[in-house]
Amino acid sequence: MLDAISFEKRGIPAAAIITEPFVPTAEAMARLAGMPAYPVAVIPHPVGSLAPSAIAARADEIAPRIEALLGARPTT
């Protein structure tokens, strides 16, 4: 999350991808970093225990959101 915000503050498009349980933490980190409305891509939890085919399916599902995030320019 902080890496993505750091890149954005330098003018480099970035997309933070988080799982559902970490939304409150991501929101708090964004507030503390001075970008309270920083948008993220949220995927279902868990990820680590998934088979490669399930991970690929999640990637396909979230790809449009990531493309949208990379095309948008968050404001500080």
remark   = Correct closest heavy-atom pair for Ala54 and Leu50 would be CB-CB, 4.0 Å

task = State, to 0.1 Å, how close Met1 and Ala16 come at their nearest heavy-atom pair, and which atoms those are.
result = SD-CB, 3.9 Å

task = Taking the side chain as every heavy atom from C-beta outward, state whether His45 and Phe22 have any pair of such atoms under 4.5 Å apart.
result = yes

task = To the nearest 0.5 angstrom, please state how far the CG atom of Leu69 sits from the CD1 atom of Ile62.
result = 8.0 Å

key: From Leu32 atom CG to Ile5 atom CD1, the distance as rounded to the nearest 0.5 Å   = 9.5 Å

inquiry  = Tell me if a side-chain donor or acceptor on Lys9 pairs with a main-chain N or O of Ala4 at a distance below 3.5 Å.
reply    = no

remark   = Rounded to the nearest 0.5 Å, the CD1 atom of Ile43 sits from the CD1 atom of Ile55 at a distance of 8.5 Å

request  = Determine whether Ile17 and Val40 make a side-chain contact, defined as any pair of heavy atoms from C-beta on separated by less than 4.5 Å.
outcome  = no

request  = Identify the heavy atoms of Arg31 and Pro36 that sit nearest to each other, and give their distance.
outcome  = CG-CB, 3.8 Å

key: Contact check, side chains of Pro39 and Arg65, non-hydrogen atoms, under 4.5 Å   = yes

note = dist Arg58:CZ -> Thr19:OG1 (nearest 0.5 Å) comes out at 9.0 Å

query = Can you tell if the side chain of Met29 reaches within under 4.5 Å of the side chain of Tyr38, non-hydrogen atoms only?
reply = no

query = Glu8 side chain to Ala14 main-chain N or O, any donor-acceptor pair under 3.5 Å?
reply = yes

remark   = Of all heavy-atom pairs linking Ile66 and Ala15, the shortest is CG2-CB, 4.0 Å

